[in-house]
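Below, all heavy atoms of this structure are taken into account, side chains as well, without hydrogens, waters or symmetry copies. Each chain gets a letter, A, B and so on, in the order its sequence line appears, and its residues count up from 1. Just so you know, these numbers come straight off a predicted model, no measurement behind them.
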Protein chains: 2
Amino acid sequence: MVKKSFSGDICSLAQALDVIGEWWSMLIVRDFFLGAGVRRFEQLRDSLGISRNILTERLRTLTDAGVIERVPVKEGGRRQAYQLTEKGIDLLPTLIAMMQWGDRWRSDSGQKFVSVLAREDHQPIAPLQAHSQAGKPLSIDDMCMTVHIKGEDRLIEEWPISALQKAKVG
Amino acid sequence: MVKKSFSGDICSLAQALDVIGEWWSMLIVRDFFLGAGVRRFEQLRDSLGISRNILTERLRTLTDAGVIERVPVKEGGRRQAYQLTEKGIDLLPTLIAMMQWGDRWRSDSGQKFVSVLAREDHQPIAPLQAHSQAGKPLSIDDMCMTVHIKGEDRLIEEWPISALQKAKVG
DNA sequence: TAGCATTAGTTTTAAAATGCAACTAACTTT
DNA sequence: AAAGTTAGTTGCATTTTAAAACTAATGCTA
C-alpha cells in the first residue's frame with residue numbers, strides 16, 4: 001500500500017510531514033545535531049540501529065528534499081558522507097519542541113538525557129514560547145489558528161486556541 | 001515487520017516519536033487545533049481522508065498515550081467524541097515549529113494557508129526562537145547539544161550546534 | 001602494487017502496515 | 001418503530017519494514 005501523500009493538504013504541517021514524517025526520518029536528522037555535523041552511512045546505521053535498505057531510502061528522501069546533502073569524506077576522495085543543509089538546520093526548533101515535549105511527559109526511568117543548553121550558563125534553554133512580531137510573549141489565549149488565502153487579508157476561518165481548554169472545562 | 005520502537009533511545013525525541021511519529025498522527029493532532037476542540041470520528045475521517053481502520057488504530061495509540069481522551073458527544077449519551085488533553089495541547093509548540101518550517105521551505109503554489117496569528121494585531125506570530133531561562137534570545141552560536149546523566153552536573157558529551165554551519169563553510 | 005579490510009549500498013524474504021471497500025451492531029433522529 | 005447515521009470491524013491486495021546475505025567500489029597497509 002503506497003502511503004497516502006499529504007502534499008495536497010493546505011497546511012504546511014502536511015508539507016513538512018511529507019519530508020520528515022516517515023518512521024526514522026526525524027531521528028536521522030537528530031543524529032546530525034549530535035556530532036560534528038558530517039555523518040557517514042555506517043555511523044548513522046550504528047547509532048540508530050536501522051536497516052541499511054531503510055537508511056538508504058530515508059537518506060535519499062531527505063537528500064532529494066534538500067534537508068541533507070552529500071559531501072566527499074576526503075578532499076578528492078570518492079567516499080561520500082552526509083551533512084545538514086540550511087534547510088535541515090532550520091529543523092532545530094522542531095527538534096527542540098519535540099524534545100521538550102518528550103522531556104515533560106516522559107514516563108521512562110532512563111538515566112541518560114539529551115538536552116539543549118545555553119552556552120553562557122550551561123543551563124537548559126527555556127521551553128519554547130511563541131512571540132508576536134513585536135517580541136511580546138504569547139500565551140494560548142493570545143493566539144488563534146486561521147485559514148486564509150495567500151496574499152489576502154480576509155480570513156476564511158478562525159479558531160481561538162484557547163477554546164481547547166474551555167472545551168475541557170465545560 | 002513490526003516497526004522498530006524508539007523507546008529504548010536515550011533522547012526524548014525518540015519517546016515523543018513513539019507516540020506521535022506514525023504516519024497520520026500529527027495531522028490528527030493538528031485537526032483538533034483547527035476547530036472547537038472536540039472532534040468526532042467521522043469529522044476526522046472526512047477532513048483527513050484517512051481510512052477508518054487506520055484512524056481507529058491511531059486514535060487508540062493517542063488515547064493510550066494520554067494525548068487525547070474520549071468524551072460523550074452529549075450529556076448522558078453513548079456516542080463518544082475525542083478531545084486533546086493537556087498533554088496533547090502541549091504539542092502546540094511542535095505543531096507551530098513544523099508549520100513554520102513548512103511555510104519557510106514550501107515549494108507548492110497552493111492558495112490556502114493555515115497560520116497562527118496573534119490576536120492583538122492579527123499578524124502571524126514570529127518564528128519560534130530559543131531563549132535562555134533568563135529570557136535572552138539564543139542563536140545557534142549560543143547553544144549546544146549535550147548528553148548527561150539525570151541529576152548530575154557532569155556532561156558526558158557536548159557539541160556546539162554552530163559546528164553544523166562551520167562544517168558547511170569548511 | 002597487491003592483498004586485505006571496510007563501506008555503501010542492493011537484493012531477497014517473511015511479517016507487518018496500509019488503504020480500499022464492504023459489513024454490522026449500536027446509536028440517534030424522525 | 002423505522003430509517004438514517006455512526007464507529008468501528010473485517011477481508012483483501014499492495015506496499016513497507018526489518019533482518020540478513022551479497023557485492024562492487026573504495027580505502028588502507030605492507
Side-chain angles (χ1 to χ4, degrees), chain A residues 1-9 14 17-28 31-32 35-36 38-65 68-83, chain B residues 1-9 14 17-28 31-32 35-36 38-65 68-83:
Chain A
M1 243 33 259
V2 179
K3 279 186 185 166
K4 262 194 162 175
S5 169
F6 302 141
S7 58
D9 196 284
L17 289 172
D18 248 6
V19 176
I20 60 171
E22 285 181 298
W23 200 250
W24 290 111
S25 296
M26 268 313 288
L27 277 176
I28 292 170
D31 247 43
F32 286 97
V38 180
R39 304 292 267 190
R40 295 180 61 173
F41 189 93
E42 286 297 319
Q43 283 176 303
L44 289 164
R45 207 190 72 85
D46 280 347
S47 61
L48 291 167
I50 181 175
S51 303
R52 288 198 178 92
N53 55 332
I54 304 300
L55 179 56
T56 301
E57 179 57 39
R58 294 294 182 275
L59 289 175
R60 177 175 297 123
T61 301
L62 292 173
T63 305
D64 289 349
I68 59 176
E69 64 196 346
R70 294 168 69 107
V71 291
V73 171
K74 290 173 65 173
E75 194 80 29
R78 300 289 193 86
R79 281 276 153 85
Q80 303 284 305
Y82 299 86
Q83 67 182 12
Chain B
M1 253 19 275
V2 180
K3 278 187 187 164
K4 261 193 160 175
S5 168
F6 302 139
S7 58
D9 199 283
L17 289 173
D18 249 5
V19 176
I20 60 172
E22 284 181 298
W23 200 249
W24 291 112
S25 295
M26 266 316 285
L27 276 176
I28 293 171
D31 246 43
F32 285 98
V38 180
R39 305 292 269 190
R40 294 181 62 173
F41 189 93
E42 284 299 317
Q43 283 176 301
L44 289 165
R45 207 191 73 84
D46 280 345
S47 62
L48 291 166
I50 182 176
S51 302
R52 289 198 177 92
N53 56 334
I54 305 298
L55 179 56
T56 300
E57 179 57 39
R58 295 293 181 278
L59 289 174
R60 176 174 297 121
T61 300
L62 292 172
T63 304
D64 289 349
I68 61 176
E69 64 196 346
R70 295 168 68 107
V71 291
V73 170
K74 292 170 65 170
E75 194 80 30
R78 298 289 192 86
R79 279 277 154 83
Q80 303 284 306
Y82 297 88
Q83 67 181 12

Tell me: CG of Leu59(B) to P of dA7(D), nearest whole Å? 10 Å
Those residues that, when tested against Asp31(B), pass side chain to side chain contact (heavy atoms under 4.5 Å, CB included) (two or more places apart): Arg39(B), Leu44(B), Ser47(B), Leu48(B)
Side chain to side chain contact (heavy atoms under 4.5 Å, CB included) involving Ala65(B) - partner list, sequence neighbours excluded: Val19(B), Val67(B)
Could you state the NZ-C1' distance from Lys4(A) to dT14(D), rounded to the nearest angstrom? 15 Å
Nearest to the side chain of Phe41(B) - dT17(D), dA7(D), dG9(C)? dA7(D)
Please identify which of these residues, Leu62(B), Ile28(B), Leu59(B), meets the side-chain contact (heavy atoms from CB on, under 4.5 Å) condition with Tyr82(B). Leu59(B)
Would you say Lys3(A) places a side-chain N or O within less than 4.0 Å of OP1 or OP2 belonging to dT17(D)? yes
When you measure from the side-chain N and O atoms of Trp24(A) to the phosphate of dA18(D), is any distance below 4.0 Å, counting only OP1 and OP2? yes
Would you mind reading off the distance between Glu22(A) atom CD and dA18(D) atom P, rounded to a whole angstrom? 11 Å
So which of residues 42-51 of chain B are in contact with DNA chain D, with a heavy-atom cut-off of under 4.0 Å? Glu42(B)
Using whole Å, report how far CZ of Arg39(B) lies from P of dT6(D). 14 Å
Distance check needed: dC20(C) P versus Leu55(B) CG, whole Å only. 13 Å
Those residues that, when tested against Arg79(A), pass side chain to side chain donor-acceptor pair (under 3.5 Å) (two or more places apart): none
Please identify each residue that fulfils salt bridge (charged side-chain N to carboxylate O under 4.0 Å, His left out) with Arg52(B), with sequence neighbours left out. Glu42(B)
Could you pull out all residues at least two apart from Phe41(B) that satisfy ring-ring contact (aromatic ring centres under 6.0 Å, His included)? none
Rounded to whole Å, please give me the gap between CD1 in Ile54(B) and P in dT16(D). 14 Å
What integer distance in Å separates Gln80(B):CD from dG8(D):C1'? 13 Å
Which part of the nucleic acid does Glu57(A) contact within heavy-atom distance under 4.0 Å: base, sugar-phosphate only, or nothing? nothing
Any side-chain N or O of Trp23(A) less than 4.0 Å from the OP1 or OP2 oxygen of dA17(C)? no
DNA chain C nearest-nucleotide lookup for Arg60(A) and Val2(B): closer to the 5′ end is Arg60(A)
Could you pull out all residues at least two apart from Lys4(A) that satisfy side chain to side chain contact (heavy atoms under 4.5 Å, CB included)? Trp24(B)
Please give, in whole Å, the distance from dT12(C) C1' to Asn53(A) CG? 10 Å
Which residue lies toward the 5' end of DNA chain D, Arg58(A) or Ala81(B), if each is placed at its nearest nucleotide? Ala81(B)
Assign a letter to each nucleotide of nucleotides 21-30 of chain D from its 5' end: B, base within under 4.0 Å of a protein heavy atom; S, sugar-phosphate only; -, no contact. B---BBSS--
Least distance between heavy atoms, Trp23(A) atom then Arg58(A) atom: O-NE, 2.8 Å
Contacts of Arg60(B) that satisfy side chain to side chain contact (heavy atoms under 4.5 Å, CB included) - sequence neighbours left out: Thr56(B), Glu57(B), Asp64(B)
